[in-house]
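Indexing begins at 1, ligand by ligand and atom by atom, following the structure's order. For the single chain, residues carry numbers from 1 onward in sequence order.
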Amino acid sequence: MKLDKKMVKLLNDQFNAEMYSAYLYLDFSNYFEEKGLNGFANWYMIQAKEEMAHGMMFYNYIHENDGALKLEAIDRPEGNYKDDLKVLEEALKHEEYVTSLIDKIVYEARDLKDLRTEHFLAWFVNEQAEEEATARDLITKYELFGKDGKGLYALNDELAGRTFTPPQM
Ligand SMILES: [Fe+2]
């Protein structure tokens, strides 16, 4: 089966979007590193690695299905973060946006009767639910504990413990 040209373009765009996500989270990590919140920095560094891995899943899928992939420029993150909470909220907003991108490709796969791609994307549909929940959870935790010095210290410590496990399809 050869992928439809329109589908290859969408998958290619999503590869780029995942790479941008990695870049955005790296920017968040950089922000927290500069603030001395190394746990938050670690959290977003691992998030960046996950996004890179997501991108590679699209990369591999396109190649495995004989599509031509093009590496386009990756946008620069806006980078004006007013405070810590704004960064966490930005992460949630971004994940909701990525969900909308994935959904759009699923609808297109359905239109094209491309069951293989629809099946491939099912993993990402679930992943996005998880990503949104995690981002929301972090906002809640910050609102509950982040405004108090001791609470922020404990939360930062908790986030420092996150380790990277490559995503399993
Ligand atoms: Fe992703």
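- E90 and K86 are not joined by a salt bridge, as no carboxylate oxygen comes within less than 4.0 angstrom of a charged side-chain nitrogen.
- Partners of Y20 by ring pair (Phe, Tyr, Trp, His ring centres under 6.0 Å), not counting sequence neighbours, listed by chain and number: H94.
- With sequence neighbours left out, the side-chain hydrogen bond (donor to acceptor under 3.5 Å, both in side chains) criterion links D111 to no other residue.
- Surrounding OH of Y107 are at most 12 heavy atoms belonging to other residues, nucleotides or ligands under 6.0 Å away.
- A salt bridge is defined here as a Lys NZ or Arg NE, NH1 or NH2 lying under 4.0 Å from an Asp or Glu carboxylate O, and K141 with E158 meets this definition.
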Pair up each side-chain donor or acceptor in residues 144-155 with any protein partner under 3.5 Å, not counting sequence neighbours, and list the distances.
from: D148; atom 1: OD2; to: K150; atom 2: N; distance (Å): 3.3
from: D148; atom 1: OD2; to: G151; atom 2: N; distance (Å): 2.6

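- Listed by chain and residue number, the protein N/O/S atoms under 2.8 Å of the Fe ion (ligand 1) are E18 OE1, E51 OE1, H54 ND1, with waters left out.
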